[in-house]
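These notes concern the structure reproduced below.
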Amino acid sequence: MELPKNYSFKDAEAKWQKAWEDLGVYRFDAKTKQPVYSCDTPPPTVSGKMHMGHAMAYSQADFIMRFHRMKGEHPFYPFGFDDNGLATERFVEKKCGVKGSRMPRPDFVKLCLRETVEAEKQLKQSWQGIGISCDWNLQYRTIDDWSMKTSQRSLLDLHKKGRLERKEAPLVICPQCQTVIAQVEMKDKELESFLNYIEVEAENGEKLQFATTRPEVLPACVGFSVNPEDQRYKHLIGKKVKIPLIDRWVPVKGDEETLPEYGTGAVYYCSYGGTDCIDWLTKHPDVKPVLVMDVSGRYNERAGKYKGMTSKEARQAVLEDLKAIGALKKQQPIKHAVNVHERCETEVEYVATKQWFIRYLDLKEKFLEAGAKLNWHPAHMKVRYDNWVKGLKWDWCVSRQRFFGVPFPIWYCAKCGEAVFADETELPVDPTASQPKAGQRCGKCRGTEFVGEKDVMDTWATSSLTPQIALKWREDEKFFGRMFPMSLRANGHDIITFWLFNTVVKSLLHEGKLPWKDVMINGYVTDPYGEKMSKSKGNVVEPNVVVERFGADALRYWAASCSLGEDLPYQEKDLVTGQKLVTKLWNAAKFCLTHLDKLEGGKPEKLAPLDAWLMGKLNQAVEAATRGFEAYEFHKPKMAADHFFWKEFCDNYLEMVKDRLYNAQAYPAEDVQSARWTLYTALLTILKLFAPLLPHVTEEIYSLYFAGKEKAESIHVSAWPEPFQEFADEKAVQAGDLAVLVVAAVRQFKSSKSLSLGAEVKRLSIDARERRLLEPLARDIQAAARAKELAFEKPAEPLQVADGLAIGVNV
RNA sequence: GGGCGCGUGGUCUAUCGGUAUGACGUCGCCUUCACACGGCGGAGGUAGUCGGUUCAAUUCCGGCCGCGCCCACCA
């Protein structure tokens with residue numbers, strides 16, 4: 001058997017990606033008798049291209065899935081696309097030159113659907129291009145009818161469980177752009193500002209001051225706080241103070257959080273000046289908010305003379321008015337961080353609106369317990385989850401004032417405003433385009449006219465259901481029962497607090513258990529200097545380009561080079577390393593196969609000493625690789641396979657066994673048979689160890705030779721190697737290691753004399769004390785050293801090989 | 001400001017109680033038979049910094065410095 005001279009990764013990778021798909025190598029079979037190993041991977045958003053971070057993270061998850069497949073488990077490995085939400089709207093608006101807010105929603109939604117289908121095709125190609133072994137028949141989209149149905153079903157279920165509520169909540173708006181903005185559209189900005197000291201009068205006539213950076217919200221002031229321990233003010237707690245300009249009396253509360261040393265130690269609260277104000281109002285429910293700002297970003301009639309102004313205008317006006325009456329006592333310049341709208345850099349405003357919430361703050365303890373039951377890889381990532389849960393202050397707001405998303409299955413009674421929920425049989429439903437089913441009446445006033453909820457759900461409300469979406473939740477109960485919880489979630493460390501946490505929440509609320517057993521958390525990809533890749537820095541490298549130049553196997557090899565959870569800089573040299581390995585594998589296989597035609601018979605009873613050494617080393621590599629993959633530490637299998645293949649197998653074994661293969665007639669038949677069997681077994685095992693990392697080149701070699709001999713049609717469904725316990729022979733390993741040292745010493749000698757490695761040695765002397773150990777390997781050593789004679793004797797000019805062992809080389 | 005992580009030869013990285021792994025680069029040598037997309041050999045690090053625990057620390061603990069990520073409108 002002769003392999004072609006060169007391996008073309010371009011041809012082979014394209015060929016195998018297609019063949020795997022055609023042959024259904026990765027197809028999930030619901031009737032399988034094998035234990036199922038399932039994986040919940042992130043659905044990438046369709047609004048972008050695949051980037052190196054994706055390439056790394058999905059490769060890392062794929063290593064694990066490929067390992068489990070070979071271990072004899074049956075993978076359930078679906079792939080999804082996340083295509084609802086703000087990012088997609090932006091993407092479509094930009095691409096088509098439209099504005100979602102300026103066109104009829106059904107038209108916009110239709111447009112988004114069309115564009116995302118197109119984008120998904122390209123993304124699918126990118127993911128296939130790096131050799132992901134998911135089953136594309138299990139593909140889902142977070143906006144398709146099934147996902148929508150699942151998401152709406154989840155909402156109805158939460159309603160039934162009393163977890164859904166509609167309540168007043170602050171919404172972030174940009175007063176400049178006059179629009180509602182999302183968390184992700186905000187950024188931090190260090191701002192030069194003034195801390196304004198304003199005087200108020202207490203009930204008892206006492207004058208005191210508070211300090212604020214936001215005097216403009218004064219018309220909305222409803223409360224006042226001091227620290228309960230603060231001797232200056234504690235006697236005022238429970239009394240009232242009069243806010244100037246609006247002459248409103250507001251209550252003074254005692255709050256631990258009010259720091260005596262900041263400003264004057266007194267603070268005012270407005271509805272709403274910021275999240276702290278909202279918190280304060282939540283803590284003091286007896287105080288009613290006075291909402292002075294509308295969604296337009298302008299003050300309304302409740303702001304009195306400031307009506308119609310924006311914050312910026314009001315700040316000016318309020319300060320002037322305060323100055324005029326002498327209430328502005330001091331202005332102290334300070335720097336502080338504020339949230340601004342990323343596009344126009346305007347400070348954001350908070351206005352109160354009705355929103356849908358999933359009530360879950362009471363379950364913090366449960367969430368912490370759940371987090372503790374998950375198997376985190378790496379373990380320290382759990383802390384991020386814990387800190388997030390402990391820091392939660394809000395229920396989960398799931399409504400968004402957007403267009404392209406999963407609609408709420410909710411109408412409101414046109415008469416009394418009472419919410420009416422869709423029936424589960426109607427799902428998926430768009431309440432803006434349909435009515436509740438016939439005969440439905442308002443539960444409160446018996447009204448028969450309804451208005452559909454216009455808001456759509458937050459994208460996390462749906463993507464937090466990926467296990468339910470993939471596993472046909474409430475559609476195929478038997479299947480779901482068997483498959484849930486899933487085995488593994490692969491997740492980036494940046495979205496532990498969103499995607500991972502939200503998925504845990506939904507799963508606990510719906511099913512009362514965790515969605516998966518294990519989680520593996522991946523890191524980021526940075527540029528060669530450790531900086532995050534971003535368009536604005538111009539340091540973005542595209543995986544498609546990398547695959548084109550170096551091959552998917554090389555890309556994956558790079559992705560395996562860091563430990564799980566670590567950030568990895570993209571360096572071209574690392575891709576070259578992978579490419580070299582692929583070439584080396586090809587060449588080594590080419591050599592082996594020319595000698596395997598004559599392989600006859602099965603496993604020998606006893607191995608030749610050198611072969612026993614190699615098998616001992618092979619066993620170690622197999623054990624290390626298996627342990628590594630089982631612990632999600634894919635870089636360990638990589639190192640084990642690398643080391644065995646490159647050092648032990650190529651550099652030493654092949655060089656030492658060559659003579660036995662080329663001059664077979666000069667050796668006993670059983671030694672030759674031993675060599676051929678070892679060669680076959682070691683090569684096959686090497687291919688298998690590398691198969692999860694380098695699926696293409698290993699499959700190519702396997703298919704050209706081993707597929708015909710072994711039972712599996714693809715290396716990826718062949719059995720993961722087990723150590724050959726019957727050949728575990730410590731003495732042989734020890735002897736082989738020593739023989740390798742002797743050969744290395746001869747090489748070193750030749751190198752130091754500027755001799756070719758092929759140069760003949762007249763006589764090689766090995767210290768007689770090692771005769772017992774090395775004599776069985778004498779012929780192999782002699783052949784590798786190209787020595788005409790080999791003798792166990794005291795060397796004339798000794799070269800130190802190891803402690804206690806010296807050799808002499810006579811050329 | 002809070003949390004988490006990281007800081008190892010020129011560059012990236014493994015190890016994580018007994019002076020350190022590998023890759024790339026670099027220098028020298030080697031081309032008849034798997035591979036010059038190669039082989040062999042050499043040089044190069046006292047593991048950010050200070051201090052503590054220990055017979056022994058890169059590895060454990062604490063301070064500091066630097067970097068990254070997540071969170072947070074201390075009015």
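Note that this is a predicted model, so its numbers are computed, not measured. Side chains are part of it too, since the values below use all heavy atoms of this structure and drop only hydrogens, waters and symmetry mates. In what follows, every chain begins at residue 1, and chains take the letters A, B, ... in the order their sequences are listed.
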Problem set entry | Residue met sooner reading RNA chain B from 5', once A:Asn6 and A:Gly263 are mapped to nucleotides | A:Asn6
Exercise. How would you label the contact of A:Trp388 with the nucleic acid (heavy atoms, under 4.0 Å): base, sugar-phosphate, or nothing?
Worked result: sugar-phosphate
For this session: Answer with base, sugar-phosphate or nothing: what part of the nucleic acid does A:Lys753 contact at a heavy-atom distance below 4.0 Å?
Result: nothing
Problem set entry | Candidate nucleotides B:C35, B:C73, B:U11, ranked by approach to the side chain of A:Lys584 - the nearest | B:C35
Exercise. Which part of the nucleic acid, if any, lies within reach of A:Asp651 when heavy atoms closer than 4.0 Å are counted: base, sugar-phosphate only, or nothing?
Worked result: sugar-phosphate
Exercise. Choosing from B:C12, B:C69, B:G39, which nucleotide comes nearest the side chain of A:Asp574?
Worked result: B:C12
Exercise. Within the structure, does a side-chain N or O atom of A:Trp558 lie under 4.0 Å from either OP1 or OP2 of B:C12?
Worked result: no
Exercise. Whole Å only: how far is the CG atom of A:Leu755 from the P atom of B:U31?
Worked result: 10 Å
Exercise. Whole-Å distance between B:A36 P and A:Gln579 CD?
Worked result: 15 Å
For this session: Determine the contact category for A:Cys650: base if any of its heavy atoms lies under 4.0 Å from a base atom, sugar-phosphate if only primed atoms, P, OP1 or OP2 are that close, otherwise nothing.
Result: base
For this session: Give the ring-plane orientation class for A:Tyr360 versus A:Phe367, where under 30° counts as parallel, over 60° as perpendicular and anything between as tilted.
Result: perpendicular
Exercise. Looking across every strand, which nucleic acid part, if any, lies under 4.0 Å from A:Trp280 by heavy atom: base, sugar-phosphate, or nothing?
Worked result: nothing
Seminar exercise, completed: Rounded to whole Å, the CD1-P distance (A:Ile495 to B:C70) equals 11 Å
Seminar exercise, completed: Side-chain atoms of A:Tyr524 come closest, of B:G41, B:G68, B:C69, to B:C69
For this session: Using a strict cut-off of less than 4.0 Å between a Lys/Arg side-chain nitrogen and an Asp/Glu carboxylate oxygen, indicate whether A:Arg232 and A:Asp230 qualify as a salt bridge.
Result: yes
Problem set entry | Dot-bracket pairing map - RNA chain B, Watson-Crick plus G-U, both contacts under 3.5 Å, | cross-strand | (((((((..(((.........))).(((((.......))))).....(((((.......))))))))))))....
Exercise. In terms of side-chain heavy atoms of A:Ala744, which of B:C70, B:U11, B:G41 is nearest?
Worked result: B:G41
For this session: Take atom P in B:C16 and the same atom in B:U11, then report the distance between them in whole Å.
Result: 24 Å
For this session: For nucleotides B:U59 and B:G48, find the distance between their C1' atoms and express it as a whole number of Å.
Result: 15 Å
For this session: Take the protein atom CZ of A:Arg384 and the nucleotide atom C1' of B:G68, then report the distance between them rounded to whole Å.
Result: 10 Å
Exercise. Looking at B:G39, B:C12, B:C4, which one has an atom nearest to any side-chain atom of A:Val383?
Worked result: B:C4
Problem set entry | Short side-chain N/O contact to B:G42 OP1/OP2 from A:Gln748, under 4.0 Å | yes
Exercise. Is there a side-chain polar atom (N or O) of A:Ser563 under 4.0 Å from OP1 or OP2 of B:A14?
Worked result: yes
Exercise. Do you see a donor-acceptor pair shorter than 3.5 Å between the side chains of A:Tyr197 and A:Gln332?
Worked result: yes
For this session: Give a yes-or-no answer on whether the side chains of A:Lys590 and A:Asn587 include a donor-acceptor pair shorter than 3.5 Å.
Result: yes
For this session: Assign the ring pair A:Trp280 / A:His284 to parallel, tilted or perpendicular, where the plane angle (0 to 90°) is split at 30° and 60°.
Result: tilted
For this session: Sorted by first residue and then second, give each salt bridge (charged side-chain N to carboxylate O under 4.0 Å, His left out) pair with at least one member in residues 208-229 of chain A; sequence neighbours left out.
Result: A:Arg214-A:Glu216, A:Arg214-A:Glu349, A:Glu216-A:Arg315
Exercise. Is A:Glu633 salt-bridged to A:Arg627, going by a charged N under 4.0 Å from an acidic O?
Worked result: no
Exercise. Is there side-chain contact between A:Leu195 and A:Thr212, with heavy atoms separated by less than 4.5 Å?
Worked result: no
Exercise. Are any of A:Tyr262's side-chain N or O atoms less than 4.0 Å away from OP1 or OP2 of B:A75?
Worked result: yes
Problem set entry | Nucleotide nearest A:Val348 (side chain, heavy atoms from C-beta), chosen from B:C73, B:C4, B:A14 | B:C73
Exercise. Whole-Å distance between B:A72 P and A:Lys390 NZ?
Worked result: 17 Å
Exercise. Taking atom types as they are modelled, is there a donor-acceptor pair under 3.5 Å from the base of B:G28 to the side chain of A:Ser751?
Worked result: yes
Problem set entry | Rounded interatomic separation in angstrom, taking CE from A:Met56 and P from B:C12 | 17 Å
For this session: Would you tell me if any nitrogen or oxygen in the side chain of A:Lys580 comes within less than 4.0 Å of OP1 or OP2 on B:G38?
Result: yes
Problem set entry | Aromatic ring pairing A:Phe498/A:Trp388, orientation class (parallel under 30°, perpendicular over 60°, tilted between) | tilted
For this session: Could you check A:Thr264 against A:Ser752 and say which one's nearest nucleotide on RNA chain B is further toward the 5' end?
Result: A:Ser752
Exercise. Does a nitrogen or oxygen in the side chain of A:Tyr385 sit under 4.0 Å from OP1 or OP2 of B:C4?
Worked result: no
For this session: Taking only Lys NZ, Arg NE, NH1 and NH2, and the carboxylate oxygens of Asp or Glu, determine whether A:Lys10 and A:Glu13 approach each other closer than 4.0 Å.
Result: no
For this session: Quick one: label A:Glu655 by what it contacts on the DNA or RNA (base, sugar-phosphate, nothing), any heavy atom closer than 4.0 Å.
Result: base
Exercise. P atom, B:U32 versus B:U8: distance in rounded Å?
Worked result: 44 Å
Problem set entry | Gap in Å between the two P atoms, one belonging to B:A14 and one to B:C60, rounded | 15 Å
Exercise. Side chains of A:Asn502 and A:Trp396: does their closest heavy-atom pair fall under 4.5 Å?
Worked result: yes
For this session: Establish, with yes or no, whether the OP1 or OP2 oxygen of B:U21 is under 4.0 angstrom from a side-chain nitrogen or oxygen of A:His635.
Result: no
Problem set entry | For atom CG of A:Leu757 and atom P of B:G38, their distance in whole Å | 16 Å
Exercise. If you measure from the P atom in B:C37 to the same atom in B:G25, how many Å do you get, rounded?
Worked result: 12 Å
Problem set entry | Separation of B:A72 C1' from A:Leu259 CG (nearest whole Å) | 14 Å
Exercise. A:His380 side chain: which of B:C12, B:C4, B:C6 is closest?
Worked result: B:C4
Problem set entry | C1' atoms of B:A57 and B:G18, separation to the nearest Å | 9 Å
Exercise. Rounding to the closest angstrom, what is the interatomic distance between B:A20 and B:G44 at atom P?
Worked result: 14 Å
Exercise. Taking atom P in both B:U53 and B:C69, what distance in whole Å separates the two?
Worked result: 37 Å
Problem set entry | Polar pair under 3.5 Å, donor/acceptor by atom type, side chain A:Thr583, base B:C37 | yes
